[in-house]
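The block underneath contains the structure these notes are about, expressed in structure tokens.
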Number of protein chains: 2
Amino acid sequence: MMPDSLNIHRHSHPLPLKDVVVHDSFWSVEQELVRTAVIPYQWKALNDQVPGAAPSYCMHNFKAAAAQNASKKQQGKSFVPPRYTYRGFETLPNDPQHPEPDKFYGFLFQDSDFSKWIEAVGYSLVHHPDSELERIADEAIDIVCAAQLENGYLDTYYILNGMNRHFTCLKDHHELYCFGHLVEGAVAYYQGTGKDKLLKAAERFADYVDSRFGRESGKLRGYPGHEIAEMALVRLYEVTGNHRYLDLAVYFVTERGQEPSYFAQEDRARAELDGTKYVPDRDHYAYYQAHKPVMEQDEAVGHAVRAGYFYSGLVDVARLTEDEALADSARRLWRDIVDKKLYITGGVGGTVHGESFSYRYDLPNDTAYSETCASIALAFFARRMLELEPKSEYADVMESALYNTTLAGMALDGKSFFYVNPLEVNPYACHRDERLNHVKTVRQKWFGCACCPPNIARIVESLQEYACTVADDGGTLFTHLYVGGEVKTALAGVPIRLTMASGLPWSGHCRAVVHMNATNADFTLAFRMPAWAGGEKAASSVAVSESSDGRISRMVRNGYLYLSGTWRAGDTIDIDFPMPVHMVSANPLVREDSDKVAFVRGPITFCAEGHDNGGNLHLLHADVSVILDNPDSVSVDEFEFQAGASGMNDSGLGKVDSVTRHMVRLRVPAWRETLPNKVDSSAITADTAASAPLYAKYRPATREPVTATLIPYFAWANRGESEMTVWLRD
Amino acid sequence: MMPDSLNIHRHSHPLPLKDVVVHDSFWSVEQELVRTAVIPYQWKALNDQVPGAAPSYCMHNFKAAAAQNASKKQQGKSFVPPRYTYRGFETLPNDPQHPEPDKFYGFLFQDSDFSKWIEAVGYSLVHHPDSELERIADEAIDIVCAAQLENGYLDTYYILNGMNRHFTCLKDHHELYCFGHLVEGAVAYYQGTGKDKLLKAAERFADYVDSRFGRESGKLRGYPGHEIAEMALVRLYEVTGNHRYLDLAVYFVTERGQEPSYFAQEDRARAELDGTKYVPDRDHYAYYQAHKPVMEQDEAVGHAVRAGYFYSGLVDVARLTEDEALADSARRLWRDIVDKKLYITGGVGGTVHGESFSYRYDLPNDTAYSETCASIALAFFARRMLELEPKSEYADVMESALYNTTLAGMALDGKSFFYVNPLEVNPYACHRDERLNHVKTVRQKWFGCACCPPNIARIVESLQEYACTVADDGGTLFTHLYVGGEVKTALAGVPIRLTMASGLPWSGHCRAVVHMNATNADFTLAFRMPAWAGGEKAASSVAVSESSDGRISRMVRNGYLYLSGTWRAGDTIDIDFPMPVHMVSANPLVREDSDKVAFVRGPITFCAEGHDNGGNLHLLHADVSVILDNPDSVSVDEFEFQAGASGMNDSGLGKVDSVTRHMVRLRVPAWRETLPNKVDSSAITADTAASAPLYAKYRPATREPVTATLIPYFAWANRGESEMTVWLRD
């Protein structure tokens, strides 16, 4: 096959999870953590059995709805359904230990906790059969399915509070969000176990949603307030082949933001029902990405998780419908994020207000929101862009989001979590400053609004879907992430197995080996050339076994190296990506990062912690002139990281499991500004520094040469409370 | 008199306003603005006659209360008083144009608007008799007095809403704040006109307050939620000689924060009355400076205006009672502000949350609160510290607060006002960022909560009280501020007149001349040596007329030059303070100002505006090495500043009165970081800068040499919307 004949814009799709195995010294640890720590912990949380953590009431609600269903069947026509009264976004029992058995509690989207858990369980069971876990999951599914109404509706908030008001507050009441998560969980559990009870329930719910929403007369012209149903419906379509689900996804994506505004109509109708005054809320629709139709959107705005989920569904739909205009919308929104709104940690969402994207180039470090879930949503979006068109830029961003902010969301022991991922933390400020209320200095045990921990669980357990995809024509296998393990698939009809050994993220040495029973076969292996390795120039670091000369042609396009031709069993692809330390500046329009540098090596963004560098990190400057003269002055040390206190436990900040992880730290030439009278600035605090005046005649800073120690960002806050900064002053 | 015999710790006090005249090319303009623009405008505002401004309802409320009083008298025992129901911190009529005539509207402290106005009027009438203004004021006083209850109580909020609940929510309902302002206004009007109708009303109210509060059994152990009554009562004591008012002030100052907490008791009692749940609010008492007794306080905390008023009352009480422990408390709190919490603009209050002092060394520039009133309160505090003990540091801070933040609070045409005084403004961000909601890019016409404009009015009109004081023993006249004009007083029993010509704030040339009918007299003239002129070293810039040799001795102590001996009529004191441009750094612990410099000359802090320097001011760097090598590279230009659009008028941002003011600007060697591809960074905006990537390999900034133009901070935002920064990167 000649390179010119490649249609490199062709679509690709992930392989079934069972056909991709992760055997990787880095990621296998993370997957094991999720499997052995997070999933069991989550189950306890769903059942309100984590001491000291806010109860979820998730399974409580399903049980209450199932009981109501049962009594409805028993009572027949004499059953009196509950009449709806709004009791707030979160409903708590008077006595948290004794919730009333027939009442709904928790946030109104609490059902989704189960769905995220069952999704992670579904992934986990693929490679780790666990009959006890499967039994627990099946029992949970029985309860959930027993809560489903005859018409297919399944959201315990309205079932328990009064169906007379269901689908009257799509904007804020998360019904279609819970629906979407249920579908995602059901598909994953079906794919993981082959059991379709939950999948059938999800289909019935989807059928009901489909019967209620759309442009046909008599249907509601609504769409989800919190997106996810779009991409969930695409998954349901892909697993069932039922085209109605795809059509519904297309409808949700394209109807959003159309005039007249559904949200406005809905708000008005609800005010009428309630006899209250309708207060237009139009300025707020950007929060929901519903301020205008997606075809007209060119700026990523609003709640960053909602946005990422929406854009993911948009790309899914664009790919499956081959709609170039929708694809262009996705490309525009991607550009806006990547060019103007992306943290160097792969985080997004600059402001706590609405947990949203901030304005262009506003990327504050200390007040950052950068929610773990938003980074995960960005990875969803990036993966789907890759499925739409293989361009290494998408994988670069996806990789950064996964290795940095996603992993930073979880402690190294898997037992505590960050919701918010700042790039600069000063605990002294965090304990005193209401503007930093959202920033935690140590990871928290669990959250009442527990979106992040289970989201980490589901993406880590399905990492395989991000690592590689296969072209829809079956002729090309794309490697996006260099994760050790193996892929089984058929390429151009020939069953093959590609094993991968990877030194990532600490070294750029990787080796792929082609295994097959056939003597030879014609197909293409496409490898991403990471930006951190030099982008397309990194192709020179890739060597195919010598014997392949003449058989395998090489072509680089859009950041992928396409190796095409006649492969033989045993062919090897040896990769030796350079992994220099990059000293990076932000665009000068990013005010917060002016006169600062960050250090990145491979996919890993580094940070300085007080544990290694003392306090007052704003007075620690990278010695950029030394580093520019001699890049080797930054040394790269492999070491065993000793994690200790990583978060809150029952007794507040305390020791949790001690964990050791092999990783890399950087030693960077630096200098510290000493305080007046040459006081060591790394030790002094705001409370002890009374001697020096607040303002004084300018004198150049007194520079004490030091070595800054930087650790991977994902590993911060694993040794107790401390200052931290990603950006160092230059 | 020999210097050694001076007791330089002796107390001093301001002279009667009538004995000090301001004739000064700088301050006379400000006083005229207040007299001719602000006071009439304020009167319209009190009467809800400013089109487009939020109605005050202030005079409406007094009229309604007066009418109720009248009908009570008419109806006698058949009068049914209103029963109290809380309607919110601000009550608005359904139709703003047609408030019901018998109802209270506006913020619950709205009475104070009148009091602040009458205070400014009182000051203004001293040197500018105005029979029409006095007639209006007298009529207003008639209305206010008609609203007073027989027992002396005078707060229209409770009179109209139900006296059954008066004095049940001192913490938040501002009754004693309104009381304090009424006293201040009454004293000023009495002093300005000799008319005592309002003063008598204030005394009756004070008597009633005194009958209700104190440590005696049967009295409430309360104290004001918003302080001011403390210093007001001291003024009332000073004007009436009634010692009970001083005792009440002492009680309020020393009872505050004692255990058991009065606020907690009050909250509990109110919850009981209301049948609601008592929610302890103890963590919030620092907001009111009521978290512990003042003797134990060593950090300035909470609402910055409240704090400044409280500390002012504290010093008053410490001075009059000669209580050294209270004086030490004041000194500790002063140190905390000046060493850790003071903006270089004389502003205080780093955070919008609670309009409060932030934690130590937290002085953010863009999110600063730095309320105009807080700066005024700081001047109150400083003046009282000077009265306690003459130390130039107090006057340095007072001068900075007056010349910078206080004046920045008002447009050069006197018609629009800032509440919040940031040190850095990026309008692009202000229009998009909820975290900056409190920051306005142009001055506003008036405020529903109109504390700042009338506060500016009253302090500007009484500037004389800040400029000089006379020692309690009558032997020394202190010059704290170099304001042109003249002082008439008796020193050591001899009537003298001291005239002052001053070039401040633009030049350090000042000349004082001693006038008297006596041939000679023994007394001391003490002049402050400003820190900006070199502090005590500046004494060498002061020359007494040659003929005085041998007659007048010189001594410098605590930043004052004491000239003592036998003065003759016609003696002159020629002052030629050096006025270099200071390039200033903040303490390295102030993170926001790290690697930045500010420029100060004399009492004036300068800033760069976009009008003169283009956009993206964060990329404009002071060329510190050039300036260090050659301080004369910063040039000082006198020029005529053309003010144009200074704030909001009816049609939004628009032109208001065009004003020309003589002032000084600085031309500072600087460089601009150009954007990638050498794009001029002063013109590009966040919306047009798509071409450069968000992150790139570090390269030293490309430096384009430019000259930065800095104007006085108080003059910013007088030419329409623009970026602004006080601190320039180095």
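Because the structure is a prediction, the values reported are computed rather than measured. Numbered from 1 within each chain, the chains take letters A, B, ... in sequence-line order.
- Residue A:Val584 touches chain B through both its backbone and its side chain, counting heavy-atom pairs closer than 4.5 Å.
- Ranked by non-hydrogen atom pairs under 4.5 Å with chain B, the options A:Ser594, A:Ala701, A:Ala586 are led by A:Ser594.
- Between the side chain of B:His618 and the backbone N or O of A:Pro588, at least one donor-acceptor pair lies under 3.5 Å.
- Taking the charged nitrogens against the carboxylate oxygens, A:Glu723 and B:Arg591 do have a contact shorter than 4.0 Å, which makes a salt bridge.
- Both the backbone and the side chain of A:Ala429 come within contact range of chain B, each with at least one heavy atom under 4.5 Å from a heavy atom of that chain.
- For the set A:Asn426, A:Val597, A:Asp336, the count of heavy-atom pairs under 4.5 angstrom toward chain B peaks at A:Asn426.
- Side-chain contact between B:Tyr359 and A:His431: absent, with no pair of heavy atoms (C-beta onward) separated by less than 4.5 Å.
- Both the backbone and the side chain of A:Arg435 come within contact range of chain B, each with at least one heavy atom under 4.5 Å from a heavy atom of that chain.
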Residue pair A:Val338, B:Leu694: steps toward the side-chain contact (heavy atoms from CB on, under 4.5 Å) verdict: CA-CA 7 Å; A:Val338 171; B:Leu694 192 48; over 6 Å; no
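- In terms of heavy-atom pairs under 4.5 angstrom with chain B, the leader among A:Ser585, A:Pro700, A:Gly354, A:Ser356 is A:Ser585.
- Residue A:Asp362 touches chain B through its side chain alone, counting heavy-atom pairs closer than 4.5 Å.
- Using a 4.5 Å cut-off between heavy atoms, A:Ser358 contacts chain B through its side chain alone, with no backbone atom that close.
- Rounded to the nearest 0.5 Å, atoms CG (A:Asp595) and NZ (B:Lys596) are 9.5 Å apart.
- For A:Leu628, the part lying under 4.5 angstrom from a heavy atom of chain B is the side chain only.
- Only the side chain of A:Pro364 has a heavy atom closer than 4.5 Å to any heavy atom of chain B.
- More than 12 heavy atoms of other residues, nucleotides or ligands lie within 6.0 Å of CG in B:Asn630, so this atom counts as buried by the packing criterion.
- Contact annotation for B:Asp730: only side-chain heavy atoms (C-beta onward) come within less than 4.5 Å of a heavy atom of chain A.
- Contacts of B:Ile627 with chain A are absent, with no heavy-atom separation under 4.5 Å from either backbone or side chain.
- For A:His621, the part sitting under 4.5 Å from any heavy atom of chain B is the side chain, from C-beta outward, and nothing else.
- For chain B, the nearby parts of A:Leu342 are the backbone and the side chain; heavy atoms of each come within less than 4.5 Å.
- Using a 4.5 Å cut-off between heavy atoms, A:Glu434 contacts chain B through both its backbone and its side chain.
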